[in-house]
Amino acid sequence: MNSADLATVFVYAVQVRMAMACDGASLDHAVESVHSRITDPVLKSAIQAVSYETVRNLAAADKLIEQFAKREPDRPVCALLEAALARMIVHPEKDFVTVDQAVKAARLMPETKASAGFINAILRRYGRERSQLAPWLAEQEGVRFNAPDWWLAAYRRALGEKTDAVLQLQRTKAPLTLRVNRRQSTPEAYIRMAASHGIQAVRTGLDAVTLEKALPVSDIPGFSDGMVSVQDAGSQLAAPMLAPADGERILDACAAPGGKTTHLLEIAEADITALDVSPGRCRAILENLDRLGFSARVQTADASKPQSWWDRRKFDAILLDAPCTASGIVRRHPDIPWQHSKKDIHRMARTQRYLLEALWPLLEKHGRLLYCVCSIFPEEGTEQIEAFLRRHPEACCEQGPRLLLPHEDYERSWQEEPLVHDGYFLTLLRHRK
Ligand SMILES: C[S@@+](CC[C@H](N)C(=O)[O-])C[C@H]1O[C@@H](n2cnc3c(N)ncnc32)[C@H](O)[C@@H]1O
């Protein structure tokens, strides 16, 4: 990115931050929505990089603003300061250009124009005082782990002495893991094929291959033909744990964008109903099915209200990959701690309980239900399942509960556990015999 572009990138990064702060949009959606108005791929990728960099350093930037500003700046001013301070934190050698371009960006936006001098003063002050401020910033837990206090407290309650190691890992960028379609290839053959394209990869799970360097999907060999899909290796445990068999009637209750629906179909020729409450996300299921050459019944419906969509024929297996706080995938989505509030843990746990209660009666007596969430909070995992088993003495755990904490270690054997994965919780329920 040349310096002339950076001011424009900051203007768009402010729009991304405003969509997150004012409309509650996720970082990905906010970036996508800004991207939809731009054609230049270089600008798009710079906006994405600066927006992610901002969110990955939000706690530090906000602490600095709090320290330097006598009163709270207006939201757009704050958003521009956050983006510029984050850049100064990550690229201290580029202070001059960053300050210059941030001030230029301030002058380009009506909402920030009058504050250009104020923005200039704050950024220059940080540049001057950086080394004195470093120890003060470093001793603050929220800054070290880039999360609000309530989030860190919830992590401590969940993970105890493992908390710091997991939070530290969550600050790094997650690698790109692919699932190799068993019907088309094997992990070893795919690794050889990737190498022939100059892409290094290692086997990290049963069907999982992790690339040494992340790539856009359009550059991943075999992606468009359905030979591979992007999926974390922890999530890749779900479909094999449900162990679908040919001809079984299976419900994937919260299916979009179809990562697990398609994995189930790679394993067995099952009769799958894939539900999701979001029409837009149901389209993504159809696109994924199409890319992999599979078919399934895709329905837009609320899984917790079977009276609105169920045909009264019970299922042999149900996969409930429930909506959750996503506390296990912060490496991929650094905005997660900032987009939730403390109440969301209980709100999500309530939604998960309603889904479990609505779907359990839809299962054949011989059937099994896989409950999973990409969260490490016990309210959504172990405690959720313990409460379910108390309410349903006829149910038992066939496998699990299994909690995977975010992890990266290429020295072990992938047979025990995938070598690199996000935080994930799984348990397989069935009727007692
Ligand atoms: C964790 S994601 C599912 C990911 C998906 N299983 C995969 O592997 O690609 C949770 C999904 O649940 C959907 N959802 C939330 N509440 C729902 C409900 N009441 N009924 C059906 N789907 C729901 C969301 O739209 C979201 O797509």
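In listed order, ligands and their atoms are each counted from 1. Starting from 1, each residue takes its place in the sequence as its number. Note: hydrogens, waters and symmetry copies are ignored here, and every other heavy atom, side chains too, is used.
At least one N/O-N/O distance between Gly258 and ligand 1 falls below 3.5 Å. Considering backbone and side-chain N/O atoms, Gln231 never comes within less than 3.5 Å of an N/O atom of ligand 1. Checked by distance only, ligand 1 and Asp302 come closer than 3.5 Å through their nitrogen or oxygen atoms. For the pair Leu355 and ligand 1, the shortest N or O to N or O distance does not fall below 3.5 Å. At under 3.5 Å, a nitrogen or oxygen of Lys260, whether backbone or side chain, sits near a nitrogen or oxygen of ligand 1. The shortest N/O to N/O separation between Pro323 and ligand 1 does not fall below 3.5 Å. Polar contact with ligand 1: absent for Ser304 (N/O pair, distance under 3.5 Å). Taking only nitrogen or oxygen atoms, main chain and side chain alike, Cys254 reaches within less than 3.5 Å of ligand 1.
The option from Leu264, Val277, Asp232, Ile329 that lies nearest to atom 22 (N) of ligand 1, judged by heavy atoms, is Val277.
Applying the side chain to side chain donor-acceptor pair (under 3.5 Å) test between Thr325 and each of Glu380, His340, Arg347, Gln339 identifies Glu380 as the sole match.
Aromatic ring orientation, His407 versus His421: parallel (interplanar angle below 30°, classes split at 30° and 60°).
Within ligand 1, counting atoms from 1 as listed, the ones closer than 4.0 Å to a heavy atom of Ala303 are 18 (C), 19 (N), 20 (N), 21 (C). Residue contact check: Ala253 has heavy atoms under 4.0 Å from atoms 21 (C), 22 (N) of ligand 1. For ligand 1, the atoms closer than 4.0 angstrom to any heavy atom of Ala301 are 20 (N), 21 (C).
Distance from atom 11 (C) of ligand 1 to its nearest protein heavy atom, with residue and atom name: Asp276 OD2, 3.5 Å. For atom 7 (C) of ligand 1, the nearest protein heavy atom (residue, atom name, distance) is Gly259 N, 3.5 Å. Nearest to atom 6 (N) of ligand 1 among the protein's heavy atoms is Asp321 OD2, 2.8 Å. For atom 4 (C) of ligand 1, the closest heavy atom belonging to the protein is Ala256 O, 3.0 Å.
Aromatic pair Trp338/His333: ring centres not closer than 6.0 Å.
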Note to self: Tyr155 vs Phe377, test: ring pair (Phe, Tyr, Trp, His ring centres under 6.0 Å). Steps then yes/no.
What the structure shows: CA-CA 7 Å; Tyr155 251 78; Phe377 292 149; 5.7 Å; yes
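Ion pairing between a basic and an acidic side chain is recognised when a charged N comes within 4.0 Å of a carboxylate O; Arg17 and Asp335 show no such pairing.
With a 4.0 Å cut-off on non-hydrogen atoms, Ala255 touches ligand 1 through its backbone and not its side chain. The residue Cys374 has no part lying near ligand 1, judged by heavy-atom distances below 4.0 Å.
Side-chain contact check for Gln231 and Ser229: no donor-acceptor pair (N or O, by modelled atom type) lies under 3.5 Å. If you check the side chains of Tyr190 and Asn181, you find no donor sitting under 3.5 Å from an acceptor. In the model, Asp207 has a side-chain atom that pairs as donor or acceptor with a side-chain atom of His263 under 3.5 Å. Side-chain N/O atoms of Gln299 and Trp310 include no donor and acceptor closer than 3.5 Å.
At distances below 3.5 Å, at least one donor-acceptor pair connects side-chain atoms of Asp232 with backbone N or O atoms of Asp422.
A cation-pi geometry, defined here as NZ or CZ lying under 6.0 Å from the six-membered ring centre and within 45° of its normal, does not hold between Arg353 and Phe388.
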